[in-house]
There are 2 protein chains.
Amino acid sequence: MEYRERILRFIEEIKTSCLPSVSMDFVVFGFHEGQLKVLLLKWQGVDTWMLPGGRVRMDENMEDAAYRSLRERTGLAEVFLQQFHTFGNVIRNTYYAMEETRTKLGFSAEDFEGLPHRDISVGFYALVEYTKVNPTPGLELALDPFTEQIQWCNVEEVPQLLFDHNEMIQVALKTLRRQLSYQPIGYTLLPDQFTMPQLQQLYETILGQRLDRRNFQKRMLSYGILERGEKFQNGGAYKAPYLYRFDREKYQQALAEERLLVV
Amino acid sequence: MEYRERILRFIEEIKTSCLPSVSMDFVVFGFHEGQLKVLLLKWQGVDTWMLPGGRVRMDENMEDAAYRSLRERTGLAEVFLQQFHTFGNVIRNTYYAMEETRTKLGFSAEDFEGLPHRDISVGFYALVEYTKVNPTPGLELALDPFTEQIQWCNVEEVPQLLFDHNEMIQVALKTLRRQLSYQPIGYTLLPDQFTMPQLQQLYETILGQRLDRRNFQKRMLSYGILERGEKFQNGGAYKAPYLYRFDREKYQQALAEERLLVV
DNA sequence: TCAAAAGTGTTTAGCATACACCCATGC
DNA sequence: GCATGGGTGTATGCTAAACACTTTTGA
């Protein structure tokens with residue numbers, strides 16, 4: 001039974017090559033059709049959805065592990081990724097959570113023995129470009145045989161999740177809102193080229209409030225990290241907006257000079 | 001040999017009742033004679049200083065563990081305590097760091113076997129009232145038999161510490177500065193009653209810059225969480241300053257209304 | 001020619017900064 | 001009476017918010 005083998009090897013890998021009782025969870029934000037989305041996944045044989053997670057290998061820096069895990073899940077290498085809080089309540093009982101999956105998949109308690117019972121989890125949030133992520137379980141299925149489904153879900157419509165994962169999303173969102181209001185990190189949620197109204201819509205969605213067009217444009221341009229391109233006619237019965245492109249180099253430069261950080 | 005027993009029991013305790021590969025480190029700030037201080041400790045038989053740390057028990061929430069550990073170290077129950085970052089680089093090799101101590105104390109490798117080799121560490125920073133902390137190893141020595149000395153050290157004069165502990169202090173300081181500049185958390189570093197010039201000196205020390213007296217007072221009073229008391233004559237040849245008291249109730253109230261958070 | 005959405009500039013208000021004089025006290 | 005440090009109020013400037021008209025385009 002090949003599937004059984006994969007599960008057992010996966011468990012063995014966790015037990016032998018990963019730090020016990022430490023996990024990472026990812027709040028992956030995407031933006032599509034005016035909606036802020038998060039990536040959720042579901043295990044085999046369980047009805048509860050959860051955030052994608054990962055573990056730190058013995059010889060691996062945690063930050064590297066985070067990038068690796070996220071790459072394995074989304075296929076994306078260049079993303080905005082940042083830890084925002086570490087969660088350590090006892091309700092995070094990994095062992096208990098796995099019991100249901102284990103019995104439904106027909107494994108014995110011995111098969112799963114030696115796995116960490118309780119995890120401290122470092123929460124990361126990521127901003128990714130929606131269209132670049134293919135949320136069908138592909139590559140990562142080979143690495144995580146428990147995953148049955150991966151899906152985008154509107155932030156407002158997230159169901160009851162495993163453990164404290166709902167709280168994680170809320171804390172991530174709060175962090176995102178605060179960061180967004182004093183440094184321009186939203187660009188990574190949009191395609192390479194975007195219009196000012198698109199950017200504004202993104203900000204309005206994340207912050208949950210309407211913004212003034214003129215003031216918004218002024219502020220964005222004042223950072224000096226946007227490059228204006230051609231006009232873009234999408235077929236609407238109105239004036240064509242300009243396309244903008246986020247200039248990474250200027251952004252890094254500005255960050256280094258702490259011009260953007262209104263701390 | 002009683003001391004040997006205590007060490008062995010301590011190690012056993014870590015192995016059996018604490019989460020493996022998770023630790024906490026504390027940047028404990030105090031303020032005395034115009035200087036910002038941090039609490040440092042030194043292990044038996046090692047010359048390297050380090051931050052006080054702690055571990056999470058199997059059945060304990062991490063935040064509770066943090067308060068417990070800090071109480072064991074400082075004897076303080078009511079302090080400002082907050083996680084600020086989680087550190088996970090591979091240089092944090094606990095096992096290697098203990099080797100020196102182990103050999104100097106005359107223990108064999110077997111005695112120390114089964115201890116975590118590498119820790120992810122959750123960094124907390126605490127603001128305590130300097131005079132309320134007795135930094136001589138008392139209570140906590142019974143709990144942590146490795147500790148030889150605990151001492152306050154000026155933030156600017158911190159020597160090279162274990163692992164990434166110097167970086168931890170820097171990150172904690174940065175967090176403290178940012179928080180201080182948009183919410184009034186400094187009060188916990190001062191005695192119950194304090195004068196406005198004292199508070200200002202504290203702010204100036206933490207932020208590393210001089211502030212205008214008049215604007216400072218205006219800002220502090222505008223929060224509406226200070227209660228003015230009697231005048232205080234400390235014997236100086238000048239006008240007696242007022243004593244102020246921090247009103248916890250009003251502070252909580254203001255926090256709840258998010259009046260103080262200039263996010 | 002009309003509706004829908006985008007581009008743009010000026011006025012205004014509020015908050016943070018800058019700044020100076022008088023007062024209490026001990027020597 | 002003088003030096004030291006503390007208390008207080010006002011003027012100023014800058015940034016963020018408020019606000020309206022013109023332009024392009026497709027139907």
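Below, read A as the first sequence line, B as the second, and so on, with proteins coming before strands; counting in each chain starts at 1. All values below come from the heavy atoms of this structure, side chains included, with hydrogens, waters and symmetry mates left out.
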Interatomic spacing from CZ in Arg245(B) to CG in Leu190(B) - rounded to 0.5 Å: 13.5 Å

Pair Phe124(A) + Phe26(A): ring centers closer than 6.0 Å: yes

Positive for side chain to side chain contact (heavy atoms under 4.5 Å, CB included) with Leu127(B), one of Val79(B), Leu176(B), Leu180(B): Leu176(B)

Lys132(A) NZ: over 12 foreign heavy atoms closer than 6.0 Å: no

Separation of Met168(A) CE from Leu162(A) CG (nearest 0.5 Å): 9.5 Å

Whole-Å distance separating the CZ atom of Arg210(A) from the P atom of dC19(D): 15 Å

Spacing between Arg228(A) atom CZ and dA6(C) atom C1', to the nearest angstrom: 11 Å

Atom-pair distance (CD on Gln209(A); P on dA18(D)), nearest Å: 10 Å

Spacing of Gln217(A) atom CD relative to dA18(D) atom P, expressed in whole Å: 18 Å

Listed partners of Lys239(B) passing salt bridge (charged side-chain N to carboxylate O under 4.0 Å, His left out), at least two apart: none

Within residues 190-207 of chain B, residues whose heavy atoms come under 4.0 Å of DNA chain C: none

Side-chain donor/acceptor pairs under 3.5 Å, residues 201-209 of chain A, sequence neighbours excluded:
from: Glu204(A); atom 1: OE2; to: Gln200(A); atom 2: NE2; distance (Å): 3.0
from: Glu204(A); atom 1: OE2; to: Leu211(A); atom 2: N; distance (Å): 2.9
from: Thr205(A); atom 1: OG1; to: Gln201(A); atom 2: O; distance (Å): 2.7

Whole angstrom value for the distance that separates P of dC22(C) from CZ of Arg213(B): 15 Å

Sugar-phosphate, base or nothing in reach of Arg219(A), heavy atoms under 4.0 Å: nothing

Value in whole Å for how far the C1' atom of dT25(D) lies from OH of Tyr242(A): 14 Å

Test side-chain hydrogen bond (donor to acceptor under 3.5 Å, both in side chains) applied to Asn215(B) and Lys218(B), Arg219(B), Arg213(B), the passing residue: Lys218(B)

Show the distances under 3.5 angstrom between N or O atoms of the protein and N or O atoms of nucleotides 1-4 of chain D.
from: dT4(D); atom 1: O2; to: Ala237(B); atom 2: O; distance (Å): 2.5

Value in whole Å for how far the C1' atom of dA5(C) lies from CZ of Phe216(A): 16 Å

Are any protein N/O atoms closer than 3.5 Å to N/O atoms in nucleotides 9-11 of chain D? If there are, list each pair with its distance.
from: dT10(D); atom 1: O4; to: Lys218(B); atom 2: NZ; distance (Å): 2.8

Pairwise distance CD(Gln170(B)) to CG(Asp164(B)) - rounded to 0.5 angstrom: 12.5 Å

Residues forming a ring pair (Phe, Tyr, Trp, His ring centres under 6.0 Å) with Tyr187(A), sequence neighbours excluded: Phe194(A), Phe246(A)

d(NZ, Lys231(A); P, dT23(D)) in whole Å: 12 Å

For Ile225(B) against Pro184(B), the heavy-atom pair lying closest together: CD1-CG, 3.6 Å

